[in-house]
**Student:** 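Here it is: the structure, laid out below.
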Amino acid sequence: MENHQAEDGHIAILLEPGDLVLESIQETCDEYDIDSGVVVSAIGTVRNLNYHYVPTADLPKEEKWRNETFELLGAWEIGTIDGMIANGEPHLHLVAFNGEQTVAGHLEEGCEAHIVGEIVIRPIEGLELERRSDENEYNISQLKQRSDR
């Protein structure tokens with residue numbers, strides 16, 4: 001993995017075969033001390049695809065973590081990965097295609113770059129975000145401005 005930062009603060013992550021996608025994004029956030037930001041572009045291929053999605057509209061509070069998790073082998077072309085970084089933690093979604101099917105969902109650890117990966121992060125200075133539930137109807141964490149500072 002290589003990182004390059006532009007004068008305007010954008011950071012380009014260049015993945016090599018075998019680099020882990022989400023883990024490399026997290027490592028870059030740590031290295032550049034990115035508290036809040038956005039992944040504005042991400043393309044490439046992965047050897048395996050790990051993601052999850054919520055398969056139902058019925059989310060009773062006591063069953064809030066019902067996610068369908070997938071580990072799909074083979075080559076997957078990443079159409080896009082995007083999302084927010086809050087409190088230094090990426091929350092990212094993806095769309096990918098393997099030649100027969102297209103899938104979308106929440107990016108999970110373990111996706112290994114196959115040929116190439118190109119990701120751009122834009123840090124957001126002066127904004128401190130976090131995810132918290134605030135006791136909403138489904139007790140699902142939502143993006144909020146941090147109030148502890």
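What you see is a predicted model, and the numbers here were worked out from it, not measured in a lab. We use all heavy atoms of the structure for the numbers below, so side chains are in, but hydrogens, waters and symmetry mates are not.
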**Student:** Does the distance from a Lys or Arg side-chain N to an Asp or Glu carboxylate O, for Arg146 and Asp35, drop under 4.0 Å?
**Tutor:** yes
**Student:** Would the distance check show the side chain of Glu23 and the main-chain N or O of Gly110 forming a donor-acceptor pair, the cut-off being under 3.5 Å?
**Tutor:** yes
**Student:** For Glu128, does its backbone N or O pair with a side-chain atom of Asn87 as donor and acceptor, under 3.5 Å?
**Tutor:** no
**Student:** Any luck finding a side-chain donor-acceptor pair between Asn98 and Glu77 under 3.5 Å?
**Tutor:** no
**Student:** Roughly how far apart are Cys29 SG and Ile25 CD1, rounded to 0.5 Å?
**Tutor:** 7.5 Å
**Student:** What heavy-atom pair brings Ile121 and Pro123 nearest, and what distance separates the two atoms?
**Tutor:** O-CD, 3.5 Å
**Student:** I need the Leu15 CG to Glu112 CD distance, nearest 0.5 Å.
**Tutor:** 11.0 Å
**Student:** Relative to the ring of His106, is the ring of His93 parallel (under 30°), tilted (30 to 60°) or perpendicular (over 60°)?
**Tutor:** perpendicular
**Student:** Is a side-chain donor or acceptor of Gln26 paired with a backbone partner of Gly88 at a separation under 3.5 angstrom?
**Tutor:** yes
**Student:** If we only count heavy atoms from C-beta on, is the Val103 to Val95 side-chain gap below 4.5 Å?
**Tutor:** no
**Student:** Check Leu92, Leu129, Val39 against Met84 for a side-chain contact (heavy atoms from CB on, under 4.5 Å) and give me the one that passes.
**Tutor:** Leu129
**Student:** Do Glu118 and Val120 have side chains that get closer than 4.5 Å, going by heavy atoms?
**Tutor:** no
**Student:** Would you give the length of the straight line joining atom OG of Ser36 to atom CD of Gln145, rounded to the nearest 0.5 angstrom?
**Tutor:** 8.5 Å
**Student:** Report yes or no: does Asn50 contribute a side-chain atom to a donor-acceptor pair with the main-chain N or O of Glu109 at less than 3.5 Å?
**Tutor:** yes
**Student:** Between Asp19 and Ser24, is any side-chain donor less than 3.5 angstrom from a side-chain acceptor?
**Tutor:** no
**Student:** So does Glu71 have more than 12 non-hydrogen atoms from other groups sitting under 6.0 Å from CD?
**Tutor:** no
**Student:** The test is side chain to side chain contact (heavy atoms under 4.5 Å, CB included); show your working for His52 and Glu108 and say whether it passes.
**Tutor:** CA-CA 7 Å; His52 81 261; Glu108 292 290 341; 2.4 Å; yes
**Student:** Between Leu72 and Tyr51, is the side chain to side chain contact (heavy atoms under 4.5 Å, CB included) condition met? List the steps.
**Tutor:** CA-CA 9 Å; Leu72 305 176; Tyr51 73 101; 3.7 Å; yes
**Student:** Is the shortest heavy-atom distance from the side chain of Leu20 to the side chain of Leu22 under 4.5 Å?
**Tutor:** no
**Student:** Using only atom types and a distance under 3.5 Å, with no angle test, would you say the side chain of Ser41 pairs donor to acceptor with the backbone of Ile119?
**Tutor:** no
**Student:** Under a 3.5 Å distance rule, please check whether Thr45 uses its side chain to pair with a backbone N or O of Trp76 as donor and acceptor.
**Tutor:** no
**Student:** Count I, L, V, M, F, W, Y as connected when their side-chain heavy atoms are under 4.5 Å apart, and connections chain through other members. Are Phe97 and Val46 then in the same cluster?
**Tutor:** no
**Student:** Would a 4.5 Å heavy-atom cut-off, applied to side chains only, mark Thr28 and Met1 as touching?
**Tutor:** yes
**Student:** Heavy atoms only: give me the nearest Ala113-Arg47 pair and the separation to one decimal.
**Tutor:** O-CZ, 3.8 Å
**Student:** Show your working on side chain to side chain contact (heavy atoms under 4.5 Å, CB included) between Val21 and Ile81 and close with a plain yes or no.
**Tutor:** CA-CA 10 Å; Val21 178; Ile81 297 173; 3.9 Å; yes
**Student:** Linking I/L/V/M/F/W/Y whenever any side-chain heavy atoms sit under 4.5 Å apart, do Ile78 and Ile115 land together?
**Tutor:** no
**Student:** Find out whether Gln5 and His10 are in side-chain contact, i.e. whether some heavy atom of one side chain is under 4.5 Å from a heavy atom of the other.
**Tutor:** no
**Student:** Show, in sequence, the C-alpha distance, side-chain angles and deciding distance for Tyr32 and Asn3, and conclude whether the side chain to side chain contact (heavy atoms under 4.5 Å, CB included) test is met.
**Tutor:** CA-CA 10 Å; Tyr32 287 89; Asn3 294 326; 3.4 Å; yes
**Student:** So, do His4 and Ile11 sit near enough that their side-chain heavy atoms are less than 4.5 Å apart?
**Tutor:** no
